[in-house]
Amino acid sequence: MKLTPIQRKGRVLVKARFGCLSNIHTLNVTRGCEFECVYCYARGYPGAPREEVYLYSNLPEKLAQELNNPRRRMPIRHVAFNTASDSFQRHPEILAVSYQAMTLLLERGIPISFLTKGWIPDRFIELFSTYPSLVRAGIGLVSISDKYQQVFEPGAATSWERLNNIERLEAAGVDVHVRIDPIVPFYTDSEEGIEALFLELAKRGVKRVILSYLHFRPGIIEQLSMELPDTTFKLLESCFETQPWRQVGTSTRSKLVPVFLRNKGYNRFGSIGERYGITCLVCACKNPDIPAQICTTGLPSFQETPKVAGQLSMFPC
Ligand code: SF4
């Protein structure tokens, strides 16, 4: 994967327009992502880079300017990282920019949150341990199967590295939850697969997970058809065949896994979770057609009040 440093021209803090991230400032350190998850919505956007990651190398300076701007009318209450990329990609230059940006915010007392499928280096954990009440960490982990990972998330951290993130974040006193998203129908929602995952999460004291099934969008379908083995793609495609296109979040054309399959799967997660003392919450932003669940309970007080009661933070990736 080629890394190209570029200068960010516009503002680096951008207000999200979707779900319960609405009106929250978001920040991405790169355009493109070296993890190359096959289901990545950000990779499916028109003009998204392929086999190249653009790093906003001037991001720390621009961020400092925006934070110090005396004409700023709205205070920055919270910054959500990684809505279309990942701060913990392995490249040292990406990590350096991420570290500077997070330090700038935390030193000013501004809470941050992130969702990652990467491995978090120790120096970040040390930084977070100084400001534990200002950090909300999400770890994306769908399955602990190596085979799943090789096919669906070829460049991301291994499941064991991500489990190790959980251990070190918890030891640092940081609020951490696990996001099981996207659940891939027929691949990551079997009894055995969920049992194996929850066993490892429970060992690490995880008490809360957030669930959502895979969506189909036009850009993703093409990507999946090119990057998945043919039989895997065909099986997935069959699952969405009879489903209508509909608006989900900011996407006007999405297909959801049929309600009966999703409900069956979420119930399976829920009942296995109960045995392990893990509460399973379904992401309301990504499941607009089934009853929403309140998932903000227990989150730090810096969480802004969602526009729609009961919705979860939605990360497009
Ligand atoms: S889903 Fe997230 S981690 Fe995976 S490629 Fe997309 S931005 Fe990167």
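By convention here, the first residue in the shown sequence is residue 1. First listed ligand is number 1; within each ligand, the first listed atom is number 1.
At a heavy-atom distance under 4.0 Å, atoms from both the backbone and the side chain of Cys37 approach ligand 1. Using a 4.0 Å cut-off between heavy atoms, Glu153 makes no contact with ligand 1 at all.
At a threshold of 4.0 Å, the pair Asp289-Arg262 counts as salt-bridged, since one of the basic side-chain nitrogens sits closer than that to a carboxylate oxygen. Between Arg162 and Glu153, at least one side-chain nitrogen of the basic residue sits less than 4.0 Å from a carboxylate oxygen of the acidic one, meeting the salt-bridge criterion. No salt bridge links Asp86 with Lys117; every basic N to acidic carboxylate O contact stays at or beyond 4.0 Å. The residues Arg50 and Glu227 are annotated as salt-bridged, a charged nitrogen and a carboxylate oxygen being separated by less than 4.0 angstrom.
Under a 4.0 Å criterion applied to the non-hydrogen atoms of Phe35, ligand 1 contributes the atoms 3 (S). Against a heavy-atom cut-off of under 4.0 Å, Lys117 is close to the following atoms of ligand 1: 1 (S). Residue Cys40 approaches ligand 1 through these ligand atoms, each under 4.0 Å from one of its heavy atoms: 1 (S), 5 (S), 6 (Fe), 7 (S).
Ligand 1 has Ser85 within reach: a non-hydrogen atom of the residue lies less than 4.0 Å from it.
Of the possible polar contacts, none joining the Asn69 side chain to the Gln65 backbone as a donor-acceptor pair under 3.5 Å is found. Checking side-chain atoms of Asn82 against main-chain N and O of Phe114 turns up no donor-acceptor pair under 3.5 Å.
Here Cys33 does not reach atom 4 (Fe) of ligand 1: none of its N/O/S atoms is less than 2.8 Å from the metal.
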